[in-house]
Amino acid sequence: MRELGVDDRMIRKGGVPLALWAQTTVGENSAATPFDMGALTNPFRTAYIVDRICMMGSLAVNAGEVVPNFGQTLRVRFTLGHASISQDWIPIWSYGPRLQDTWTSTFTFPGSVETTPGLAGAFVGGREVVYSTFLWKLPKPLIVPPGTTLIPSLIRGTDGLGSTMTCEMAFLGRRMPPSFKCPSEIDVPYVGRFLPPEVAANANTYLQSQDRVDMTNPFDVPLRVRRLVYRLQVRGVGLFPVMEENDPTLVTLFTTSDQKLIDNIAARLPFDRTRAAWTTNFDIPPGEGLTLRIPAGGGLTNTAQYTFAVVGTRKERV
Amino acid sequence: MEIQFPPFCRSGFVTNPSSGGLTIPDPALRNPFRQDTWVDEIRFFFSGLTSAGAPQATLGPGSFLVKASLGRMPLTGGAFVPIWLLGRTLVNSQESLTALATAGTADPTFVWRFTKPLFLPAGEQPTLTILSLPNTPNGVTVYANMFGRSIPDKEKRPAYVDAPFACAFFGAQNLGGANYTDQSYERDLMNPFDDDLFVERFVGRVAVNVNASADPGGNFDSECGSGQGDQAGATNTFVRAVSSFGAVAVRDETPFDLLFHAPTHSWHVNTWLPPKGFFKFNLRESYAALTATTGYRPQISMIGYRKVKLNDVFS
């Protein structure tokens, strides 16, 4: 049956572009907060292919305060029906590479590179609104079958800012015609993470991810790893986390079968400072994973929070 | 051993482009080796933005537009397209998360990377006309640098070429202190040809004129999201969009800067637009809480390409 109002050529050649958006608010140390699932559902009841996910957090701070980066304390989890996309609550900055260069010499106001101030004094009783923006370009477009919704939900950790944060999420993709046949197997993204406790400055302690728990392929099929994301946040004066400019951390990364991928190298080398990510293309077999070991604290100026993520895809039966 | 498809770069410039427009002179962009060429991208570089004189203490690149054609074939639709709507800057830090071409910062380079390389027969060059908005002060030079590859003589010419195309919608300039709505015309973001147009992406930016109330015809200093703290304009502009077939492209009122996400300010759609098809964007601008003396002007471009018979263009 011909779909009214839509040109067949447009659809046959890749789908009709469709952007979906939703907004929610989340307080500090909040419980899990979902987005409006209706707003993020394809209203046309056809297959929807998600190409990228844009995320933004904003909140008001007192003018002149150091502008924080929300990427570590704001954590999101995606699910698609029974399929897990996020291993757990994963910092929002761990899904994709950093969007902006870090060649500035200072990480104070206007803040770390993903955050920008709004118009001073224009909002909320003279306070300033700051925004952090993040982008997850999916390793492979995700086919969301008809009647299914890709569901994101949020938590927010301790960032000392107290205000209610507004979080916005947009799915940018394409909707397919009713005649589109979903393949029997689709590529579903998966993000695993290693999120150790905070580490005091110069603490002489090793950190190591848990074998077969963190950054493990929990599926029965190979996990094709597309990207490794390494981020570090250091708490500055007061409670506002700032970026560590000269990260001295050495990392060792090896597989479950003890194959070393990185052997005690400065993290800023494989995970370049521009993108904070290492683009790869290798498979992790079912049940195996990656282990990260870092000698923590040495050379850092303040309490540090490391985040490490593995971003990939696996085949899933629809 | 002969280098296959050796790269080359040609550069031309105009100084003090006026509201009437200045054309990059011939043969600045022509391949000097008298060979056919694949053109991959054109980069526009501005010199003198940060030292522009009165009446503007600062001058952003949003005040400069371009019209491009190749033989009988238009590469831009409508009148002129803002240069900064053709693509992103080369340096991430110059995009809207920090200062963009405000006083004292580096002059930016914008890249129009073609979706597919453009075939340029030997002896031909694109015609680029650069125009500046009224009241733009003197002292600015706009360079157009064309990057491509020479094609060896033995290579057969294609029967069809992929011709890039860009068109743009200018929203009205509205002052802070009130709320507005706006809508693009059908002719703004339209496929004017008799062939299908592949739409690769939309690029969106909100231009800012901090002196708008005193100088409404003045220039755009910068863009929302710069160090001047004007991201509020982009965050308070909400977008919905439909196609010419009534197909919803943006269902809910989505923040401008979430849809045209930094640092690329692009929404990649990779779709086909049939002949005379168009996209229409509806804007809701909630500027009531913004500074009343500042003007905001959302702009959206549509970038893509179409297939054209070579002999129809260069016969």
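Chain identifiers are assigned alphabetically (A, B, ...) following the order of the sequence lines, protein sequences preceding nucleic acid strands; residue numbering begins at 1 within each chain.
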Exercise for the section: Heavy atoms only, distances under 4.5 angstrom: which of G173(A), A39(A), A22(A) has the most pairs with chain B? Name it, please. Expected result: A39(A)
Problem - CG on L258(B) to CD on Q23(A), rounded to 0.5 Å - result: 10.0 Å
Handout entry: Qualifying residue for side-chain contact (heavy atoms from CB on, under 4.5 Å) with R251(B), from L40(A), L20(A), N42(A), T41(A)
Key = L20(A)
Exercise for the section: Among the options V239(B), T254(B), V199(B), pick out the one with the most heavy-atom pairs lying under 4.5 Å from chain A. Expected result: T254(B)
Exercise for the section: Start with the C-alpha distance between F44(A) and V248(B), add both sets of side-chain angles, then the distance that settles side chain to side chain contact (heavy atoms under 4.5 Å, CB included), and finish with yes or no. Expected result: CA-CA 10 Å; F44(A) 301 98; V248(B) 172; 3.7 Å; yes
Practice task
Might you confirm whether atom NZ of K276(B) has over 12 heavy atoms from other residues, nucleotides or ligands at distances under 6.0 Å?
Solution key: yes
Fill in the blank from the handout: So CG of L172(A) and CZ of F202(B): to nearest 0.5 Å the spacing works out to 12.0 Å
Exercise for the section: Identify the heavy atoms of M56(A) and D257(B) that sit nearest to each other, and give their distance. Expected result: CE-OD1, 3.4 Å
Practice task
Look at atom NZ of K307(B) and say whether more than 12 heavy atoms of other residues, nucleotides or ligands are closer to it than 6.0 Å.
Solution key: yes
Problem - For A247(B) against V16(A), the heavy-atom pair lying closest together - result: CB-CG1, 3.8 Å
